[in-house]
Amino acid sequence: MEKDKYWLSVIFPIAAISSGFSVIIPLYILELHGNVIDVSLATTVYALAVIPASLFWGELTQRLKKIKLFIMLSVTGVIPLIFLLYILHSVLLAIIIYAVYAFILTASSPAINILIMNKRKNTVLRSYYGVYGLMSIIGNIIGYLPGVLLFSDVIAKYLLILFAFNTVSIIFAILFIKEEKNHIKNKKSDTIHSLFPVLNSMSKFPQILAGHNLIVELANIRKRKKTVRIMTIFAAIALVNFGMYLFNTSYIPFLYSYKISYSDIFIINLLNGFGQVIIYLIFMLGRAKNTLRHYYRLSTIVRSSGYLIAILSVISLTALLYLNLFSYFVAGIGYALWNISASVIIYVNISGKMEAHYVGLWSAIIGISGVLGAISSGFMSFYAGYMYTLF
C-alpha cells in the first residue's frame, strides 16, 4: 500500500468493532435473560440514532473542518462504552449503549468520506473508494474471527478483544490521519458527496460498501433514462431493507433459542461476510457483465433462497448448524448483489436531478424502513414465533 493510503488501515479496526458489536450486543442481552423484543429494541435504537447522527456529524465536520478530530472522537468514544458493558450487566444499559455507540461511531463516517474525496485526481479517488469498500468488509470479517475461537466466558473475553481493536484504531488514527482542512470542499452540489448519505444508509454499518469506482463503472453500462419512477424505486428498495431488518434482527435470537454455541454464531456471521467479499471482488475485477436489473432480481432470488434454507433447517435439527452456515453464506451473496446493484440504480436515477431533495427523502425512507423492520421483528418473533418472522 502506498504511503498516502496508510491512513486507510484505520478502517480495519473500526469495521471490526462495528461487526463485533452487531453480534455481541444481542448475545449480551440474551445472556442476561433478555428476549427477542429486547434485542429488537437495541437494533431499533441503533438504527434511529444513525439517522440524526449522520446529519449532525456531517454538518459539524463541514463547519469545523477537523477531519482528525472527529475520527479520534469516534474511536476514543467507544472505550467507556466497552468498559461499562464489561463491569455493569444490564439489558437496559446494553440497549442504551448500543444507541450511544451508533451515534459516536457515525462521527467518523463524514470525516472519512471527506478524507477520501479530497484526493485530487479522479483515478486516485476511484482507487480510494474501491479500497475503502473492500477494507470495510474485510474489517467486518476480522471482527468476527476472535469470536470463533472463544469457547468459555465468551462475552467478557470478546469485550476485551473489542477494547484491543479500539486501541489499535486509536494508534492508527494518531499515526496516519493528517488534517487536510484546506482541501475540504464546501460545494454541496458535489455528486458523490451528496450521494454518500444514501449509500451509507444502505450498509449494515455506517460505512459505504459499494465503492465509487463500482458505481461509476456500472453506471456507464446503463444509459440514463427519464426517472419518472424514482419513488417506485425508493419504495421497492425500502421494502427490501425492511425485510432484511425483519429477518436479521431475530436471526441471532433464533440461533440462540436452538442452543447454537456463541462460537458457531460467530462462524455463521463470518460466512455471511465471506459471501459479500466474493461478490464484491467479482464486481471489482470486472467479471460482472449482465445488466443491473438482472443482478437486482438475482439478489432477490439468492437472498430469499438463503432465508428459506434457514427456515427449513428447523425441520432437520441434526443439520441445523450446517444448514444455517450455508444459509447465511448464501444470504451474504444476495445482500452484496442487492447493495451494489441498488446503489448504482439510485446513482443513475437521481444523479443531476434534484439530488439534495432526493437524498434527504431517501435517507428518511431507508431509515424508517430499517426501524420498522427491527421493531416488527422483535414483537412478531416473541408473540408469533421465529418461523413466522423468518418466513
**Request:** Taking all non-hydrogen atoms of both residues into account, name the closest pair between A15 and N140 and its distance.
**Result:** O-ND2, 3.0 Å
Tell me whether the centres of the aromatic rings in [X] and [Y] are closer together than 6.0 Å.
X    : Y    : answer
Y322 : F326 : no
F56  : F103 : yes
F274 : F329 : no

**F176 atom CZ: more than 12 heavy-atom contacts under 6.0 Å** = yes
**Message:** Working to the nearest 0.5 angstrom, can you tell me the gap between I155 CD1 and L162 CG?
**Reply:** 11.5 Å
**Request:** Flag yes if I25 and L48 sit in one hydrophobic cluster, no otherwise; membership is Ile, Leu, Val, Met, Phe, Trp, Tyr, and two members link when side-chain heavy atoms are under 4.5 Å apart.
**Result:** no
Classify the side-chain pair [X]/[Y] by whether it contains a donor and acceptor separated by less than 3.5 Å.
X    : Y    : result
S381 : S250 : yes
N248 : Y328 : yes
N324 : S327 : no

**Prompt:** Parallel under 30°, tilted from 30 to 60°, perpendicular over 60°: which one fits the rings of Y28 and H89?
**Reply:** tilted
**Message:** ring pair (Phe, Tyr, Trp, His ring centres under 6.0 Å) for F266 and Y262? Distances and angles first, verdict last.
**Reply:** CA-CA 6 Å; F266 273 101; Y262 290 174; 8.1 Å; no
**Prompt:** V10 and I177: side-chain contact (heavy atoms from CB on, under 4.5 Å), yes or no, with the steps?
**Reply:** CA-CA 9 Å; V10 78; I177 303 294; 4.3 Å; yes
**Item:** Residue of the set F254, F247, F391 for which ring pair (Phe, Tyr, Trp, His ring centres under 6.0 Å) holds with Y307
**Value:** F247
**Message:** Just so I know, are the side chains of F21 and I82 near enough to count as touching, which here means a heavy-atom distance under 4.5 Å?
**Reply:** yes
**Asked** Any donor-acceptor pair under 3.5 Å linking the side chain of S376 with the backbone of G373?
**Response** no
